[in-house]
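Following: one structure in structure tokens, then a few remarks.
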Amino acid sequence: MSIVVEQLARRFNRGGSPAVSKVSFQAPEGAITSLLGPSGAGKSTLLRLIAGLEIPDEGRVLIDGVDSTQMPVQQRGVGVVFQSYALFKHLTVRQNVAFGLEVRRVPKAEREARVEEMLRMVQLEHLGGRYPGQLSGGQRQRVAFARALAIRPRVLLLDEPFGALDTRVREELREWLHALHERTRLTTLLVTHDQQEALEISQHVVVLSEGRVAQAGSPSDIYDRP
Ligand code: ADP
Ligand code: ADP
């Protein structure tokens, strides 16, 4: 499942400079692709356009060859994880993970089985009855991953998923994501402003600057390293 972005553009203010300006790139199937660049470069906007959370002024998004530009979020088959977890505070961990499955009307028995499978995957089966406020940051982010993966997405979209975590937990979760990806080969797009993170975890890097693609390629194509 590749992601192909063609000439995507989004401007928030009339007369202002576009947040995303005719951006084209491909995220290869089965790889982790990093969208790298400084704050304000347009990374989050681009991710939201791909996710269907934002409508482009121009251009289109193909997910596995299917034009998804006009599709609502639920039909795109995308799992999304944000920096700020975005969990529902009045729902338990289990209910949070089940949420996308309820929206998609997955039958109860299958839903429950999948939720348990996801909780095991993120090693939180013992905390299914807790509320987000009773969890650590790392645990919350694992719930967010479980919720995103429960729908069996075709692609995984991650917006600074480690950004709110302290160094040790970040390192742990990054290794966990790496192992998950080795197992699943899920096509993944990772927004980050951390070059080191992009180089460590991704096979493909797209550098954004002022709403445009500055560079794209493998880490060794782009960066001169010993
Ligand atoms: P921040 O202030 O968020 O750390 P930086 O200006 O340091 O932002 O940029 C974030 C990352 O994006 C840096 O690690 C840098 O290597 C990379 N980057 C920014 N512009 C380019 C570019 N034109 N080509 C390659 N890498 C770039
Ligand atoms: P990044 O994720 O690289 O930090 P963003 O996509 O968040 O960049 O922002 C790119 C530009 O678009 C910034 O100038 C930002 O202020 C602007 N922007 C993003 N979202 C909105 C919005 N909802 N309304 C107005 N401007 C926005």
Side-chain angles (χ1 to χ4, degrees), residues 3-28 31-63 68-74 76 78-88 137 140-141 144-145 147-148 153 155-167 169-170 173-174 177 187-219 221-223:
I3 303 170
V4 176
V5 166
E6 293 177 350
Q7 299 283 308
L8 266 194
R10 179 76 170 99
R11 183 194 300 269
F12 289 103
N13 308 305
R14 258 172 220 286
S17 50
V20 170
S21 187
K22 305 223 180 207
V23 164
S24 301
F25 72 88
Q26 297 201 17
I32 298 182
T33 296
S34 284
L35 278 179
L36 178 67
S39 175
K43 305 182 295 296
S44 285
T45 303
L46 192 48
L47 189 105
R48 294 171 60 80
L49 288 166
I50 295 167
L53 296 163
E54 194 82 64
I55 304 300
D57 301 326
E58 291 172 60
R60 56 180 199 157
V61 177
L62 305 176
I63 298 177
S68 305
T69 317
Q70 305 301 328
M71 273 186 200
V73 187
Q74 281 91 332
R76 289 194 184 201
V78 297
V80 192
V81 176
F82 300 100
Q83 173 173 345
S84 56
Y85 323 122
L87 298 176
F88 304 110
R140 285 184 214 180
Q141 201 55 312
F145 271 98
R147 186 177 61 182
V155 301
L156 189 57
L157 307 177
L158 310 174
D159 192 350
E160 300 263 5
F162 315 123
L165 306 170
D166 65 46
T167 314
V169 180
R170 183 182 312 179
L173 212 62
R174 207 184 276 164
L177 176 64
T187 303
T188 301
L189 199 55
L190 171 74
V191 162
T192 181
H193 67 270
D194 182 341
Q195 179 181 316
Q196 199 55 39
E197 179 168 296
L199 296 182
E200 276 173 20
I201 207 167
S202 52
Q203 295 84 52
H204 194 71
V205 180
V206 176
V207 181
L208 281 189
S209 169
E210 298 181 356
R212 296 171 191 278
V213 175
Q215 310 214 43
S218 70
D221 285 341
I222 298 182
Y223 294 103

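Every number for a ligand or one of its atoms is a count from 1 in the order of the listing. Source: prediction; values computed, not measured.
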For atom 12 (O) of ligand 2, which protein heavy atom lies nearest, and how many Å away is it?
-> Ala19 CB, 3.2 Å
Can you list the ligand 2 atoms lying under 4.0 Å from a non-hydrogen atom of Ser39?
-> 4 (O)
Looking only at protein heavy atoms, which one is nearest to atom 8 (O) of ligand 2, and how far off is it?
-> Gly42 N, 3.1 Å
Note: Gln141 and Phe82 closest approach over all heavy atoms is NE2-O, 2.9 Å
What atoms of ligand 2 come closer than 4.0 angstrom to any heavy atom of Ala41?
-> 1 (P), 3 (O), 8 (O)
Closest candidate by heavy atom, reference atom 2 (O) of ligand 2, pool Ser44, Gly40, Gly211 = Ser44
Spatial distance of atom OG1 (Thr45) from atom CD1 (Ile50) [nearest 0.5 Å] = 11.0 Å
Distance-only N or O hit between ligand 2 and Lys43, under 3.5 Å | yes
Within the structure, does Phe12 bring an N/O atom to less than 3.5 angstrom of an N/O atom in ligand 2?
-> no
Picking from Asp159, Val206, Leu157, what satisfies side chain to side chain contact (heavy atoms under 4.5 Å, CB included) with Leu189?
-> Leu157
One finds that the ligand 2 atoms under 4.0 Å from a non-hydrogen atom of Pro38 are 3 (O)
Considering only non-hydrogen protein atoms, determine which one is nearest to atom 6 (O) of ligand 2 and report residue, atom name and distance to 0.1 Å.
-> Thr45 OG1, 2.6 Å
Acceptor/donor pairs from residues 17-27 side chains to any protein atom, 3.5 angstrom cut, sequence neighbours excluded:
unit_1: Ser21; atom_1: OG; unit_2: Arg212; atom_2: NH2; d: 3.3
unit_1: Lys22; atom_1: NZ; unit_2: Glu58; atom_2: OE1; d: 3.2
unit_1: Ser24; atom_1: OG; unit_2: Gln7; atom_2: N; d: 2.9
unit_1: Ser24; atom_1: OG; unit_2: Gln7; atom_2: NE2; d: 3.4

